[in-house]
Amino acid sequence: MSSRYECQRSLPSICTLLRRSRRSLGHLRQLHCFLLRRSLFPQPQQPLLLSHFLSLSLSLSPLPSPYSLSLLSALPSPTPLLLFNSLLSSLSHLPSSLTVFNLLRSLSPHPPDFFSLPPLIRLCARHPAFRTGASLHALAIRLRLDSDVFVSTAFIHFYGRCLLIGSARSLFDTMSQPSAVSWTALISGYLRLKDLKSAQELFDQMPERNAVTWNVMIDGYVKNADLDGARRLFDEMPEKNSVACTCLIDGFAKAGDMGSARLLFDQMNHRDRDVFAWSTMISGYAQNGCPCDALFIFNEFHKTKRKPDECIVVGLMSACSQLGNLSLAKWIDSYVMTRSINTNNSRVLTSLIDMNAKCGDMERAHFLFHSIPQRNIASYCSLMQGYCLHGLGSKAVDLFSHMIQEGLNPDEVAFTVVLSACSQAGLVEEGKKYFNMMRKICNISPSGDHYACLVDLLGRAGKLEEAYELIKLLPVEPHAGAWGALLGACRWHSNIELGELVAKRLFELEPQNGGNYVALSNIYANANRWGEVSEVRCMMNEKGVRKVPGCTWIMT
DNA sequence: ATAGGGTTAG
């Protein structure tokens, strides 16, 4: 039997193997060796199999690996245009695609055609890579490919993504027969620039709209915080689909209206509830501080026996972190590990560390942190917060300096975490140092949160006057968190005069927050001033403020 | 064989 014949016969099963081996260069090379040993590995006369290997290996890394380059050099010369085009359309990294494209121009006797450009333009749009896209446009004009509907539409999309709506518009105006996709691409460009009026005008002028057009419009209204407009469009929509529903659900969730979100979700056809819809609901509840509802939705999802994706488990873990339930965390941890979730995804890893730390398993959080090949700021922050939570502020501060040594640039969240770690550990000088580093070296202007941390740092260390002076001189409007931190410090250091002053300010800022009244009453109680204690409690009753159940009245 | 749309962490 000739090896050529055998290879052709086994092509489908090899393709199946290739599809299964996704995400691992190791698997790919293993299969390559397997075929080589049986003299089955495709030489130039087996371009189809070669292109399967190529598209997989090129999709594994942003830049073409040496392995990919060696495969490319095995391509037959001249290479059929069809082969190149199908290879181009299977790639998702711009540098690899450009390598393939340039090879196409040198290896093929024929110039690129209508099918070669759109996949590349799409990648330029996604980045967006303006210069590359613009030179592709020049090339398209030179090759006289720019009159093609598909090519022009891809460029309209590209200019829209680059926020150059004028270029997109003039291209659109030169088209003799724009398709519904061309219209939609232009509309989406206007929506990206928050120009709802122009988008709506085009939408009304369009000869025919399809499902995507409606989805783009609804999403545009949601992203521009016009939920009523989105809802109106949704109600007018002839045939609702899951994308439109999910856009609207996400809009309600971001606006904090989980009631409307839930209503829509419940009305959805069960068949229409795809993974997007489920994960939008789960993370919506998690972000709105309703972890139990998030778990309930996840449980419903679990019953459908469908495969979770990364977003589902990230939302789920966020909910579990809020509950701090260790046995639930252990269940979720093993669920994530056994469900073919991509645990190299940085968001998944960060959430895993965060969940384990917040639920009390620091050992596991620590282990996961050290198993990451490339740590990022978020993974550091999760572990640092975990240490703070367990009273190990100084360990968190050590981790922060380790992070800087590793060459990572801290962002505003990282500074919030390290400042609260310093205050937790009582490291006043250290905290001031980082605060100055944030402004002077990292060029981050401090937010209300950062100042609140600094006030907390000073207050806890007993430097109440300094903290009060700081809060009075803030360049940003101090939010309740900063005043609250100072009130807590007054309570801790039994400073009645300043405490009264600060509490008065807080009662104006957030009259319904029972915690502030409780703190003031504790300050009085600590000084045995029981008359004032009952005055504060009367004030609470008058204003109808209720103590949050589970928060103690008694100072510990 | 080619173009337009949706979810996630610290």
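The figures that follow rest on heavy atoms only: side chains count, while hydrogens, waters and symmetry mates do not. Just so it is clear, the model here is predicted, and its values are computed rather than measured. Throughout, a chain's letter reflects where its sequence line sits, starting with A, and its residues are numbered from 1.
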Taken to the nearest whole Å, CD1/A:Ile282 to P/B:dA9 is 12 Å
Quick note, A:Val314 side chain, CB onward, closest among B:dG4, B:dA1, B:dT8 is B:dT8
Using the side chain to side chain contact (heavy atoms under 4.5 Å, CB included) rule, pick out the option among A:Ile297, A:Ile282, A:Thr280 that qualifies with A:Ile312. A:Ile282
When rounded to whole Å, the CG to C1' distance for the pair A:Leu104 and B:dT2 reads 14 Å
Can a side-chain donor-acceptor contact be found between A:Tyr387 and A:Gln424 if the only test is distance below 3.5 angstrom? no
Assign A:Thr416 to base, sugar-phosphate, or nothing according to its heavy-atom contacts below 4.0 angstrom with the strands shown. nothing
When you get a sec, tell me which of B:dA1, B:dT7, B:dG4 is the closest nucleotide to the side chain of A:Asn210? B:dG4
For A:Asn241 and B:dT7, give me the distance from atom CG to atom C1', rounded to whole Å. 15 Å
A:Ser182 vs A:Ser179, side chain to side chain donor-acceptor pair (under 3.5 Å): CA-CA, chis, key distance, verdict: CA-CA 5 Å; A:Ser182 322; A:Ser179 69; 3.1 Å; yes
Under 4.0 Å, counting only non-hydrogen atoms across every strand here, what does A:Ser86 touch: a base, just sugar-phosphate, or nothing? nothing
I want to verify a distance call: between B:dT2, B:dT8, B:dG4, whose nearest atom is closest to the A:Phe150 side chain? B:dT2
Which nucleotide in the set B:dG4, B:dA3, B:dG6 lies at the smallest distance from any side-chain heavy atom of A:Val243? B:dG6
With a 4.0 Å cut-off on heavy atoms, is A:Thr246 in touch with a base, just the backbone sugar-phosphate, or nothing at all? base
A cation-pi test, strictly: NZ or CZ of A:Arg122 under 6.0 Å from the centre of the six-membered ring of A:Phe158 and no more than 45 degrees from its axis. Yes or no? no
Rounded to the Å, how far apart are A:Arg375 CZ and B:dA9 C1'? 18 Å
Distance test, side-chain N/O of A:His157 to OP1/OP2 of B:dA3, below 4.0 Å: no
So which nucleotide from B:dA3, B:dG6, B:dA9 ends up closest to the side chain of A:Ala378? B:dA9
Expressed in angstrom and rounded to an integer, what is the separation of A:Asp411 atom CG from B:dA9 atom C1'? 12 Å
Under 3.5 Å donor-acceptor pair, A:Ser152 side-chain atoms to B:dA3 base atoms: no
Can you tell me whether the side chain of A:Ser279 and the base of B:dT7 have a donor-acceptor pair closer than 3.5 Å? yes
Please report the distance, rounded to the nearest Å, between CE in A:Met317 and C1' in B:dA9. 8 Å
Checking all strands, does A:Leu352 fall into the base, sugar-phosphate, or nothing category for heavy-atom contacts under 4.0 angstrom? nothing
Will you find, in the side chains of A:Thr184 and A:Thr213, an N or O donor that is under 3.5 Å from an N or O acceptor? yes
Does a donor on one side chain sit under 3.5 Å from an acceptor on the other, for A:Asp354 and A:Ser351? no
Give one of base, sugar-phosphate or nothing for A:Asn85, where a contact means two heavy atoms less than 4.0 Å apart. base
The side chain of A:Arg347 lies closest to which of these nucleotides: B:dA3, B:dT8, B:dG4? B:dT8
Separation of A:Asp148 atom CG from B:dG4 atom C1', in whole Å? 15 Å
Nearest-neighbour nucleotide for the A:Phe276 side chain, B:dG4, B:dT7, B:dT8 considered: B:dT7
What is the nucleic acid contact for A:Ser179, judged by heavy atoms within less than 4.0 Å: base, sugar-phosphate only, or nothing? base
Side chain of A:Phe115, heavy atoms from C-beta onward: which of B:dA1, B:dA3, B:dG4 has the nearest atom to it? B:dA1
Under 4.0 Å between a side-chain N/O of A:Gln287 and OP1 or OP2 of B:dA9, yes or no? yes
What is the distance, to the nearest angstrom, from the CG atom on A:Asp146 to the P atom on B:dT2? 21 Å
Using a 4.0 Å heavy-atom cut-off across all strands, classify A:Ser351 as base, sugar-phosphate, or nothing. sugar-phosphate
Geometric cation-pi criterion, A:Arg273 with A:Phe265: 6.0 Å, 45°: yes
Proximal nucleotide (of B:dA3, B:dG6, B:dT8) relative to the A:Asp274 side chain: B:dG6
On the nucleotide B:dT8, are OP1 or OP2 found under 4.0 Å from the side-chain N or O atoms that A:Lys254 carries? yes
